[in-house]
Amino acid sequence: MAKDLRVSVRSVERWRRAWREGGRQALRPSGPAKRPKVGDTQFAALETLLLAGARAQGWADERWTLAWIRLLIADELGVSLSIRGVWELLRHGWSCQQPARRAIERDEAAVAGWVKKTWPRAKPPRRRSGHGWSSRTKPPSR
């Protein structure tokens, strides 16, 4: 029977035991396999903590990592999640962001002027389209 259903023998045995003990009612699905471990009120509390910043939680800088958020969830909410579980939880409404690494002294107007004036003169000219050959060292053979 297990082979016909393409399931393990253990699954068939478990279904038979459930049927013997509870009848057809015991074989009905009990709902989704995964239920969220963090409820709506807990998630709201987590968002408040995340918005307060990583430094407010005692970290050295403002960058949140999934490992840090996992520890925060365990400490504040009492729920143990895997790194993947934290990622799945935060996918709804939060995004992965990398901080822009720019010098404090950066002058945006000077950069824009350089890109507009100096860079076009510094970059190599575009190759002309037309007949040519693929090798830069050999002339075309005839």
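- Looking at every heavy atom in both residues, L49 comes nearest to W64 through O-CZ2, 4.0 Å.
- To the nearest 0.5 angstrom, I69 atom CD1 is 7.5 Å from W94 atom CH2.
- Scanning all heavy atoms of the two residues, the minimum distance from K37 to S80 falls at NZ-O, 3.8 Å.
- Just one of V86, L77, L50 meets the side-chain contact (heavy atoms from CB on, under 4.5 Å) condition when paired with L72; it is L50.
- Separating the CG atom in L66 from the CZ atom in R84 is a distance of 11.0 Å, to the nearest 0.5 Å.
- Residues V9 and L5 do not share a hydrophobic cluster, clusters being chains of Ile/Leu/Val/Met/Phe/Trp/Tyr side chains in contact below 4.5 Å.
- The environment of D40 atom CG is sparse: at most 12 non-hydrogen atoms of other residues, nucleotides or ligands sit within 6.0 angstrom.
- Between E13 and R10, no side-chain nitrogen of the basic residue sits less than 4.0 Å from a carboxylate oxygen of the acidic one, so the salt-bridge criterion is not met.
- The line from CZ of R70 to CG of L90 is 13.5 Å long, rounded to the nearest 0.5 Å.
- Remark: I73 CD1 to L81 CG distance equals 5.0 Å, nearest 0.5 Å.
- With hydrogens and angles ignored, the 3.5 Å screen pairs a side-chain donor or acceptor of R55 with a backbone N or O of A60.
- A54 and R63 make their closest contact through CB-O, 4.2 Å (heavy atoms, listed as atom of the first residue, atom of the second, distance).
- Residues satisfying the side-chain contact (heavy atoms from CB on, under 4.5 Å) criterion with L27, sequence neighbours excluded, are W15, A18, W19.
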